[in-house]
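Okay, so here's the structure we're looking at.
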Amino acid sequence: MPVYSDKVMEHFMNPRNVGEIENPDGIGEVGNPVCGDMMTFYIKVDDNQLSDVKFKTFGCGAAIAVSSIVSEMAMGKTLEKARKITPALVAQELEGLPKNKYHCSNLGAQALNKAIDDYLKKPGKKVKSKKRRKDEKE
Amino acid sequence: MPVYSDKVMEHFMNPRNVGEIENPDGIGEVGNPVCGDMMTFYIKVDDNQLSDVKFKTFGCGAAIAVSSIVSEMAMGKTLEKARKITPALVAQELEGLPKNKYHCSNLGAQALNKAIDDYLKKPGKKVKSKKRRKDEKE
Amino acid sequence: MRKVYLDHAATTPILPEVLEAILPYFKDAYGNPQSLHGWGDDAREAIEDARGRVADLIGAQPEEIIFTSSGTESNNLAIKGLAMAQQSKGKHIVISAIEHFSVLHSARTLEKWGFELTLVPVDRCGLVDREDVAKNIREDTILVSVMHANGEVGTIQPIREIARLAKEAGAIFHTDAVATTGTIPVNVKELTVDALSLAGNQLYGPKGIGALWVKKGVRIIPFLDGGVQEGGRRAGTENVPAIVGLGKAAELAKEEMESRMEHLSALRNRLIGGLLSRNEHVTLTGHPTQRLPGNASFCIEFIEGEATLMLLSSKGVAASSGSACTSRALKASHVLTAMGIPPEIAQGSLLFSLGLENTEEDVDYVLEAMPPIVDKLRQMSPLYAKFLKGERGGR
Amino acid sequence: MRKVYLDHAATTPILPEVLEAILPYFKDAYGNPQSLHGWGDDAREAIEDARGRVADLIGAQPEEIIFTSSGTESNNLAIKGLAMAQQSKGKHIVISAIEHFSVLHSARTLEKWGFELTLVPVDRCGLVDREDVAKNIREDTILVSVMHANGEVGTIQPIREIARLAKEAGAIFHTDAVATTGTIPVNVKELTVDALSLAGNQLYGPKGIGALWVKKGVRIIPFLDGGVQEGGRRAGTENVPAIVGLGKAAELAKEEMESRMEHLSALRNRLIGGLLSRNEHVTLTGHPTQRLPGNASFCIEFIEGEATLMLLSSKGVAASSGSACTSRALKASHVLTAMGIPPEIAQGSLLFSLGLENTEEDVDYVLEAMPPIVDKLRQMSPLYAKFLKGERGGR
Ligand SMILES: Cc1ncc(COP(=O)(O)O)c(C=O)c1O
Ligand SMILES: Cc1ncc(COP(=O)(O)O)c(C=O)c1O
């Protein structure tokens with residue numbers, strides 16, 4: 001293997017959260033099969049928290065491991081915290097990535113962010129959720 | 001070795017006729033230590049025949065073997081026949097020489113020829129010998 | 001776990017007979033062939049003997065063989081050395097678009113030095129179009145180089161016909177036969193070429209040894225400058241053990257050529273047939289019939305080559321891929337691209353290259369292993385999901 | 001008959017530990033380091049491990065090491081690659097007159113490509129004159145190359161001081177350390193050089209392997225074009241067994257450096273002392289003290305080197321010579337010539353290069369063998385006869 005860490009190998013062999021979510025609250029698709037990697041993240045948001053995260057990935061071992069670890073890192077986090085999952089954190093969590101695979105960790109964070117963006121820009125969603133919380137608190 | 005034939009090796013290891021002749025009838029020196037090879041041939045002529053041939057050689061294995069075989073080929077021959085010892089014949093008699101050693105076979109033939117020239121150009125020698133033979137025949 | 005090596009295009013193992021032939025030259029016969037003593041004599045005789053065997057394999061004269069350190073060096077010497085020797089006649093070079101990087105990048109270096117380069121395209125099967133070659137040869141074309149066969153997709157070129165075009169135009173013709181020498185018959189007279197590259201590690205000989213054959217009378221400028229080795233055409237202390245190994249490998253290749261080809265073709269056909277019938281959306285790359293006996297190369301749609309290799313590796317199977325992710329530069333193989341294979345399909349490139357030690361059991365093991373791997377990756381693939389849904393963006 | 005190998009300058013035998021380290025990579029671990037599977041992993045790890053050991057021997061970082069196929073290739077890569085990378089700054093190169101042909105002829109090739117070359121002379125002992133170097137470095141000098149030691153005469157150069165001159169002038173400094181690496185301490189930081197060549201077959205490692213060290217940050221244009229091996233700086237399938245062998249040889253050299261030097265110097269001194277005292281009209285060539293531990297090189301007057309070698313060989317002794325007759329081109333060694341040794345004296349050149357396996361008995365055997373050989377050839381020599389007669393033309 002291109003000097004993948006054990007952690008990368010483990011996530012590649014047994015990726016978590018593979019799949020799609022029916023009626024997701026947000027979808028984020030990044031990359032392009034023409035370039036070699038493509039990731040689609042599906043999220044379910046409950047009370048500003050990621051109650052479910054799933055993905056489908058076309059790409060190399062690193063891309064799959066990155067998708068898997070990002071889904072794991074994001075699961076249960078608030079949207080704000082999930083947004084703080086940076087490529088550097090992803091690479092660190094995977095105990096390192098070969099240099100020419102850094103872009104994969106970018107893709108993972110991007111796809112998650114795009115799914116959150118997608119959720120936030122759905123009509124009403126953002127307001128509704130914020131409102132609802134306010135309402136509930138009041 | 002530079003692919004020397006057995007014959008070359010034999011003559012190199014046991015060169016015939018090494019040495020000088022006291023009061024030789026002819027001396028032929030060719031080559032130059034600066035270039036790597038130098039040969040001196042000494043001849044004794046009796047009745048137009050080479051009654052003795054000796055040489056001293058500074059040079060490579062081929063040069064020494066060539067000197068030795070030339071001395072052997074020349075020994076006992078008439079001057080005319082000795083002159084017919086060509087470089088090609090020398091190389092053939094030695095069962096071949098490496099290409100970059102051809103010049104050694106030239107040197108051998110040259111040195112012998114030069115010794116004969118030396119003999120022939122000594123005042124009186126040439127005439128005397130021819131005359132003497134004629135005289136004797138008459 | 002069973003271990004199945006199907007990456008012979010990357011490098012072949014050394015045959016035991018070859019290793020045995022080599023060993024004495026690592027032990028007592030360690031002399032330098034240029035030395036004037038017994039050790040030198042032994043070494044020199046050994047490399048001249050090997051030169052004869054290599055010449056014999058390709059129908060050449062021993063003195064026409066120049067030993068190099070690899071196929072790569074042979075190609076560098078050929079492309080740069082032949083072009084430099086001919087430059088007074090012109091500065092135009094023609095090569096195919098699917099040449100190995102050692103030819104392609106050597107030609108690019110020549111471009112920097114003021115030469116002009118034309119790449120001739122190939123068709124979907126990887127065949128160079130003769131008319132395209134003819135069309136691109138000009139008055140000032142001094143060198144044409146087309147590989148005998150491409151190791152990645154297996155396509156074998158009609159070298160004799162292409163060479164004829166070059167020679168009619170007065171250009172030198174070189175062929176990179178690294179992927180073919182020892183594998184299929186290679187005869188310089190039948191191919192009617194002027195120069196030919198070959199390498200040890202493609203014919204069950206050692207790594208670190210190659211050779212360039214240059215027809216007597218064809219001028220070439222040395223590439224490695226230095227001492228007088230190889231008739232002044234390639235400097236550096238001769239790699240005696242590797243040369244001896246190449247000689248032995250060449251001898252064995254010549255003897256066993258027929259049976260090797262039969263063995264490999266049978267395995268290859270079993271592998272190609274089995275893979276295509278057991279897996280959907282898989283295409284064979286390269287030419288269907290004009291192909292190397294051991295080459296089974298595919299594109300597996302909707303999944304990516306590196307991931308496939310990793311799962312195969314976890315089953316003990318070694319293969320290779322021309323996908324972007326498997327390359328250091330993250331570009332899909334220029335060979336697949338030149339063949340007009342769309343980039344997203346090229347990502348699924350998978351090459352099994354069979355070798356002498358492979359068996360039917362090896363092939364069957366791989367055939368068993370593949371469907372679950374393909375399945376697993378497709379289950380993860382958004383492209384496959386889209387395809388199933390018939391969406392645009394699938395395929 | 002006793003066999004005594006005293007031609008280590010031509011090539012060294014492989015140590016048994018080195019061969020042992022190599023063998024697995026000829027057998028099961030035959031993978032290509034670029035491959036994405038277990039075989040590839042094993043090969044890759046092995047070469048990276050070896051890279052570390054080589055770096056360790058010369059005080060460098062592993063990623064600064066480029067493996068090549070020989071000392072000759074290292075020198076070609078260094079001279080051509082460094083000059084090409086610097087040519088925007090100038091086109092003048094300075095090397096010493098006694099460089100190995102792989103440096104000298106590479107520089108000559110650069111001349112053909114429009115560079116200018118200056119050869120700096122050496123003194124009678126083979127030492128490069130620092131003032132001469134300083135004098136010849138110009139504004140547009142981009143590269144200076146002086147060898148660490150010359151294998152033919154053994155003279156070790158004051159590299160650190162020469163390097164300083166180059167660097168003060170803003171030029172890159174390369175040293176050919178093929179004859180020294182593994183034999184005497186070689187540390188790139190202490191030598192303060194920018195690039196350094198070394199080779200396996202000079203330190204009891206395999207033939208067919210060399211390395212070029214290039215300091216991080218120093219640009220170099222690749223010489224062998226092709227794939228991405230060696231960080232894109234040297235293409236071609238890595239010669240895994242040979243690289244592993246070089247790594248092991250480097251490790252052993254580092255460990256045993258002190259004791260090897262002691263062993264060799266003692267034998268060398270015995271050989272030099274014995275030969276000079278037992279034979280008349282013999283001179284030591286090279287520097288009396290600044291010399292390689294295993295180097296005992298002489299000129300034996302009135303006789304020619306090849307003939308001497310042949311008689312030595314008939315006694316089982318292997319040595320070498322820089323005489324014209326021993327060279328393919330029939331020219332006396334350019335090293336001896338550059339040192340100002342008159343041609344007729346250079347014809348008597350004789351080099352004994354000692355190695356680890358040599359013993360005092362070996363030396364004594366040679367000391368015994370020499371006088372009758374010298375005698376026999378002098379008895380045949382017209383030069384000696386003239387000398388004895390005190391004639392002009394003798395000496
Ligand atoms: C067709 C062809 N040419 C050249 C080469 C270069 O060989 P190497 O990397 O051994 O130098 C290869 C290697 O696989 C090849 O397949
Ligand atoms: C100083 C020096 N440089 C370079 C070389 C070239 O080494 P090779 O012929 O192994 O390529 C040698 C060989 O003896 C040498 O002594």
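Within every chain, numbering begins at 1; the chains are lettered A, B, ... in the order of the sequence lines, protein sequences first and strands thereafter.
- For the set D:S102, D:G71, D:P13, the count of heavy-atom pairs under 4.5 angstrom toward chain C peaks at D:P13.
- Side-chain contact check for D:F223 versus D:L212: every heavy-atom pair is 4.5 Å or farther apart.
- Both the backbone and the side chain of C:A10 come within less than 4.5 Å of a heavy atom in chain D.
- Note: D:D225 leads D:D225, D:V240, D:I79 in heavy-atom pairs under 4.5 Å with chain C.
- Each of D:D7, D:T11, D:T326 was evaluated against C:S35; a single residue qualifies, D:D7, per the side-chain hydrogen bond (donor to acceptor under 3.5 Å, both in side chains) test.
- Looking only at heavy-atom pairs under 4.5 Å with chain C, the residue among D:P241, D:S70, D:S320, D:A235 that has the most is D:A235.
- For C:A319, the part lying under 4.5 angstrom from a heavy atom of chain D is the backbone only.
- Heavy-atom distances place both the backbone and the side chain of C:K3 under 4.5 Å from chain D.
- The two residues C:G200 and C:L246 come nearest to each other via the heavy atoms CA-CD1, 3.7 Å.
- In this structure, no portion of C:I243 lies under 4.5 Å from any heavy atom of chain D.
- Counting heavy-atom pairs closer than 4.5 Å to chain D, the top-ranked of the candidates C:N32, C:D28, C:I221 is C:N32.
- Classification of the C:F26-D:F26 ring pair by plane angle, with boundaries at 30° and 60°, yields tilted.
- Taking each heavy atom of C:Q347 and C:S323 in turn, the nearest pair found is O-CB, 3.2 Å.
- Within the 4.5 angstrom heavy-atom criterion, atoms from both the backbone and the side chain of C:L224 approach chain D.
- Proximity to chain C involves both the backbone and the side chain of D:A318, based on heavy atoms less than 4.5 angstrom apart.
- The side-chain heavy atoms of C:Y204 and C:H8, taken from C-beta on, include a pair separated by under 4.5 Å.
- With chain D as the partner, the residue from C:V4, C:V103, C:T12 showing the most heavy-atom pairs under 4.5 Å is C:V4.
- Of the two parts of C:E357, only the side chain, counted from C-beta on, holds a non-hydrogen atom closer than 4.5 Å to a non-hydrogen atom of chain D.
- The greatest number of non-hydrogen atom pairs below 4.5 Å with chain D, out of C:H105, C:Q34, C:E73, is found for C:H105.
- Residues C:I14 and D:Y30 have side chains not in contact (no heavy-atom distance under 4.5 Å, counting atoms from C-beta outward).
- Closest of all the heavy-atom pairs between D:R234 and D:T68 is NE-CA, 3.9 Å.
- Heavy-atom pairs under 4.5 Å with chain D peak, among C:N201, C:V228, C:N75, at C:V228.
- Residue D:L104: no heavy atom, backbone or side chain, is found under 4.5 Å from chain C.
- No more than 12 heavy-atom neighbours from other residues, nucleotides or ligands sit within 6.0 angstrom of CD on D:E20.
- Between chain C and the options D:G31, D:G245, D:P206, heavy-atom pairs under 4.5 Å are most frequent for D:G31.
- Interface remark: of the candidates C:A43, C:A29, C:G236, C:G236 forms the most heavy-atom pairs closer than 4.5 Å to chain D.
- Considering all non-hydrogen atoms of both residues, C:L77 and C:I220 come closest at O-CD1, 3.6 Å.
- D:L312 is not listed as a side-chain neighbour of D:L6, based on a closest heavy-atom distance of 4.5 Å or more.
- With respect to chain D, the highest number of heavy-atom pairs below 4.5 Å among C:Y25, C:W113, C:F101, C:Y5 belongs to C:Y5.
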